[in-house]
Enquirer: 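My questions all concern the structure below.
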Amino acid sequence: MEKFLEVLPSKQNLIEKALAVVVPKIQVAIQERDVCTIALAGGSTPKPLYEALSQQNLPWSKIHVFWGDERYVAATSPESNQKMAVEAWLSRVEFPTANLHPIPTGANNPEIDAKSYEDELRRVFEVEQPRFDLILLGIGSDGHTASLFPHTDALKVRDRLVTVGSKDGRPRLTFTVSLINYARCVIFLVAGADKRHALDQVLAASADAMTYPSRLIQPQEGELWMLLDEAAGAEIRVAS
Ligand code: 6PG
């Protein structure tokens, strides 16, 4: 695993850096395999990155977009990660509908929708164990990532691609640790002082991964990028 960590002076600088990493990764994937597969993070941090991506001139028909997790709500809900990314980016460019793979939440049964999404992943990748070119992630102030929340059963699932997470008793659908760790490149985008404590624990030499699940993200055959703003990463010193 190749690790990269950078603390940027502001959130704007963080987004600019993220764009400078993501765009070439997309271009190289397309050069090498004629397709780029990317899984998006939800929450609020990545929204300006998605807005910046909508201004790029990329071969959208060669990019397949998935989501690393989703709240178990309708796609029209203001809580929907799909809705946020569609509004910030995907509806603003000529993205083929066939290339957008939102997580289904309509079965009124999270397990059924999780299995459906697993089937979709295997259909698109045409392999049993999909390897994403790029997976974007955030970190919560409790140290969670995707919908892999502290001390939940989802953290232990290794024989699935997608599983059911839980936040405050409400279901979410999430990539599993094993699917994320098989990616070629995983990029964490972390901004805000409220993330500082969790980040310190995630990056500490030792801390409990069940308490700080982002520690479980270790793409052994890939790259791990930690892009932080000063507010979140003030205590983190890049190894010189
Ligand atoms: C979600 C995200 C989640 C998010 C973190 C950080 O569904 O909310 O996937 O894992 O990345 O909670 O969220 P913010 O970017 O809003 O701080």
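For ligands, and for the atoms within them, numbers begin at 1 and follow the listed sequence. We use all heavy atoms of the structure for the numbers below, so side chains are in, but hydrogens, waters and symmetry mates are not.
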Enquirer: With heavy atoms of K195 as the reference, note each atom of ligand 1 found under 4.0 Å away.
Expert: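 Once the distances to K195 are compared, the set is 6 (C), 14 (P), 17 (O).
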Enquirer: Give me the nearest non-hydrogen protein atom to atom 13 (O) of ligand 1 as residue plus atom name, then the distance to 0.1 Å.
Expert: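 Answer for atom 13 (O) of ligand 1: G43 CA, 4.0 Å.
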Enquirer: Below 3.5 Å, N or O to N or O, backbone or side chain included: is there any such pair between T145 and ligand 1?
Expert: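 No - when backbone and side-chain N and O of T145 are compared with those of ligand 1, no distance drops under 3.5 Å.
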Enquirer: Heavy atom under 4.0 Å from ligand 1: found in R172's side chain, backbone, both, or neither?
Expert: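 Side chain only.
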Enquirer: Nearest protein heavy-atom contact for atom 8 (O) of ligand 1: which residue, which atom, what distance?
Expert: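 Checked against all protein heavy atoms, atom 8 (O) of ligand 1 sits closest to R71 NH2, 2.7 Å.
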Enquirer: Identify whether F4 and V28 are in the same connected component of the hydrophobic contact network (ILVMFWY, side-chain heavy atoms under 4.5 Å).
Expert: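 Per the 4.5 Å side-chain linkage, F4 and V28 are not co-clustered.
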Enquirer: With heavy atoms under 4.0 Å as the rule, classify the contact between T45 and ligand 1 as side chain, backbone, both or neither.
Expert: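 Near ligand 1, T45 shows its backbone as well as its side chain.
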Enquirer: How far is atom 11 (O) of ligand 1 from its nearest protein heavy atom, and which residue and atom name does that atom have?
Expert: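 Nearest neighbour among protein heavy atoms for atom 11 (O) of ligand 1, to 0.1 Å: G138 CA, 3.4 Å.
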Enquirer: Examine the side chains of D119 and S116 and answer whether a donor and an acceptor come within less than 3.5 Å of each other.
Expert: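 Side-chain D/A pair, D119 to S116: absent.
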Enquirer: Which atoms of ligand 1 are found less than 4.0 Å from any heavy atom of S44?
Expert: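 Listed by number with element, the hits are 14 (P), 15 (O), 16 (O).
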Enquirer: Is there a continuous path of hydrophobic side-chain contacts, each under 4.5 Å between heavy atoms, that joins V23 to I63?
Expert: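 Same hydrophobic cluster.
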Enquirer: For Q55 and E51, which I'm curious about, is there any donor-acceptor pair between the side chains at under 3.5 Å?
Expert: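 Looking only at side-chain atoms, E51 and Q55 do not form any donor-acceptor pair under 3.5 Å.
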Enquirer: Please name the residue in the list R33, K62, K25 that meets the salt bridge (Lys or Arg N to Asp or Glu O under 4.0 Å) test with D133.
Expert: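 Testing D133 for a salt bridge (Lys or Arg N to Asp or Glu O under 4.0 Å) against R33, K62, K25 leaves exactly one candidate, R33.
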Enquirer: Excluding sequence neighbours, so at least two apart, what forms ring-ring contact (aromatic ring centres under 6.0 Å, His included) with Y117?
Expert: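 Here no residue qualifies.
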Enquirer: Can you spot which of F175, Y182, W67 makes a ring-ring contact (aromatic ring centres under 6.0 Å, His included) with F132?
Expert: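 In the set F175, Y182, W67, the residue that makes a ring-ring contact (aromatic ring centres under 6.0 Å, His included) with F132 is F175.
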Enquirer: Between R170 and E79, does any NZ, NE, NH1 or NH2 come within less than 4.0 Å of an OD or OE carboxylate oxygen?
Expert: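 Yes.
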Enquirer: For atom 5 (C) of ligand 1, find the nearest protein heavy atom and state the residue, atom name and distance (0.1 Å precision).
Expert: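 So the nearest neighbour among protein heavy atoms is H144 NE2, 3.5 Å.
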Enquirer: Do me a favour and list the nearest non-hydrogen protein atom to atom 6 (C) of ligand 1 with residue, atom name and distance?
Expert: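 For atom 6 (C) of ligand 1, the nearest protein heavy atom is I139 O, 3.6 Å.
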Enquirer: Quick check on contacts: which atoms of ligand 1 are under 4.0 angstrom from a heavy atom of D69?
Expert: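 In order of numbering, the contacting atoms are 1 (C), 2 (C), 7 (O), 9 (O).
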Enquirer: Quick one: does S147 get an N or O within less than 3.5 Å of an N or O on ligand 1?
Expert: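 No, S147 has no N/O under 3.5 Å of an N/O on ligand 1.
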Enquirer: Return a yes/no value for A146: is any of its N or O atoms, backbone included, closer than 3.5 angstrom to an N or O of ligand 1?
Expert: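 In this structure, A146 places an N or O atom under 3.5 Å from an N or O of ligand 1.
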